[in-house]
Amino acid sequence: MEIKNLSASVEGKEILKGVDLKVSGGEIHALMGPNGAGKSTLGNVLIGHPNYVITGGSITLDGKDLTNATPEERAKAGLFLAFQSPVAVVGVKISSFLRAAYKQLHPDDNIKLQEFYDMVKKELRRVGLDESFLSRSVNDGFSGGERKRFEIVQMMILKPKIVILDEIDSGLDVDALKLVAEEIKEYHSDSVGFLIITHYQRILKDIKPEFVHVLMDGRVIRNGDHELSDRIEEEGYEFIRGA
Amino acid sequence: MEVEYSKEEEMERLLEDLRKSSVRKEDWEFHDNLKPVYSTGIGLNKSVVEEISEIKKEPDWMRRFRLKALEIFLSKPMPTWGPDLSGIDWENTNYYNRPDDVKSRSWDEVPDQIKDTFTKLGIPEMEQKYLAGSVAQYDSEGVYHNLKKVWEDKGVLFMDLDSAVKEHPDLVKNYFCRAVPATDNKFAALNGAVWSGGSFLYVPKGVRIDMPLQTYFRMNGEATGQFEHTIVVADEGSKVHYIEGCTAPRWDRDSLHSAIVEIYAHKNSEARYTSVQNWSKSVYNMPTKRAWVDENAKMEWVGGSLGSKVTMLYPSSYLRGRNASTHNLNISLAGPGTVKDTGAKAIHLAPNTSSRIVAKSISIEDGKAIYRGLLRMNKGAVHSKSHVQCDALLINDESQSFTYPHDEIYEPTATFGHEATVGKIGTEELAYMRSRGLSEDEASSMIVLGFLDDVMKEIPMEFAVEMNRLIKLEMGKLGSVG
Ligand SMILES: Nc1ncnc2c1ncn2[C@@H]1O[C@H](COP(=O)(O)OP(=O)(O)O)[C@@H](O)[C@H]1O
Ligand SMILES: [Mg+2]
């Protein structure tokens, strides 16, 4: 996925002011930055959230221009965002939701309903959710941590090519974080690229990113590796601002 | 679990169908150029009421009843506790329109233009396939009624109320306006004064009809009123399912529909009343519907309010005998610019009675869905139970719903509970689902069907499909369906 000089606004306010970023299959990137820097905005812009308006630049994936694509087209192209605060969809059961989504994203796979549900149940168990979640409404009445775990379940089931994880570690206790990190590592392969959004280090202890970027004031102003994230951990963002 | 799977598969098929469906609301909003053979003209006064009675060659008791009801109507103030009714143009409304002089038992004898209308709406076909009997009303008069012979032989009566007044006066007199007296409310009084048409259904003791009977109401005229009066009597130990459907074309000037429905569920009987209201957005819909439920009898109300400009409707069950029970399911759709002030009343008058009320409302844009309910447990209704569930679905970020439950509990051993949920098809919900690959259409359909899921078994499948189609249509008009 290649993001070139991307700018975007929300409610008339310009938040992204020319973001450049490239994530390829097999790579793990960390996107850091202080609160309000525009990290979640980037995630939402990438998946085509209708509240966010792209005002310049481009997004391409596998050579396909997605800048003006609908959210569902982007999903079909292989983009996936684990939301920072996933919304509840009252009345829509996880079972039918995932089934419908899977059919859209993998139309050629004629997996039987029963087999599919068994697969979902397995994934639910792996992140520590009871299989009874299958018949619950999407995120309805879930705790913060349960919502995050369910985002990971969706990643495992829907098999995207580019995975954006927005603060996936927030709301998770130590044990849950471990399970989630295991899943991410399990899913990581040569054909999957990760963009892990976080404003602090916790998850990066488990999953070592090869690339670290710092987003501030709507631009990526620093690129580096784990040394950069280590320094941020120790000193905060001040040294970058100062530079 | 297997059962669950097949249900999900059914849901998948339904979603498929929905994607393909293309019927538009315009399909029933057409209007005919039919000129009525008789009309009282606009306005309402004593002579109009006398004229109606005269045309119908009614017995004197009915004429006197009408005049008394007119007095009550004129003396009662407009209800001010609910939606704005100032748009009702009393003076320019046409209170009686007779489309033709026939009351036929065969579709072949129904005048072509009227028959074509009902054929377009699929009525004769439905009758053949699913119904034990059928009545069709066009503007003020029933034009067709038929009942399968097996039921006729068992003593079942099913015809328009005007015919019943003539053919079975004593039976009608026994029930007419006992559950809903003209003094009940202004609109019931109006109906009393100018009522015309409606159905009379009588099911004798022990007769259990397994197929539903249906009346279809079509209002064609502009700025007209339809004031039918329907009476369903389930005698002891009988069983009946009565269905009503209604549509009207869309006009510039508003029409008024103010019906009375009275249901008498005698001892040990089971009565079910289903209505699907699909009036156009130029209709004020103000019916009064009430059931008297005797010992051990079961009453079920199933209602779908899809259309109209303003609807005020609170089907009521008076639980008069020990172990009487009522179940009330209402689904309201408040499209843009419309108001649905709907709910239910359960009046517990005897021991061990039970009521269950499920109200589901959907509001689109500035459409207003209001639940207004009354639960009364009289002293002596020992160990009676009630449960009220109100679910709202908001289709836009700015949609709103309101609930006004009202409880009057005078019996200490009675128990009751309320539950409420609110779901939404807002930007965030749609964005979330779409980011997983679902189209906006599919996402909203899933939310709507999910919303109706727990009542799917109780409503006709076509109704759910229809409902979903209307929502899609309204959303399409707003330009939100991509
Ligand atoms: N939907 C929205 N409506 C209005 N302002 C928004 C919206 N989303 C983000 N913003 C604003 O954009 C800025 C960046 O927010 P966000 O992307 O959430 O930051 P981060 O994720 O880096 O903490 C903030 O000032 C925030 O208030
Ligand atoms: Mg954020």
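Bear in mind that the values here come from a model prediction, so they are computed numbers and not experimental data. Residue numbers begin at 1 in each chain, while the letters A, B, ... track the order of the sequences.
With a threshold of 4.5 angstrom between heavy atoms, A/Gln154 approaches chain B through side-chain atoms but not through N, CA, C or O. Contact of A/Asn139 with chain B is made through the side chain alone, with heavy-atom distances under 4.5 Å. Heavy atoms of A/Phe97 lying under 4.5 Å from chain B belong to its backbone as well as its side chain.
In this structure, B/Lys385 has no salt bridge (charged side-chain N to carboxylate O under 4.0 Å, His left out) partners at least two apart in sequence or on a different chain.
Under 4.0 Å is where a charged nitrogen must lie from a carboxylate oxygen, and between A/Glu151 and B/Arg436 at least one such pair does.
In this structure, A/His213 and A/His29 have parallel ring planes: the angle between them is below the 30° cut-off, well short of the 60° mark.
Of the listed residues (A/Pro160, A/Ala75, A/Ser137), the one with the most heavy-atom contacts under 4.5 Å to chain B is A/Ala75.
Taking 4.5 Å as the limit, some side-chain heavy atom of B/Leu394 sits within range of a side-chain heavy atom of B/Val422.
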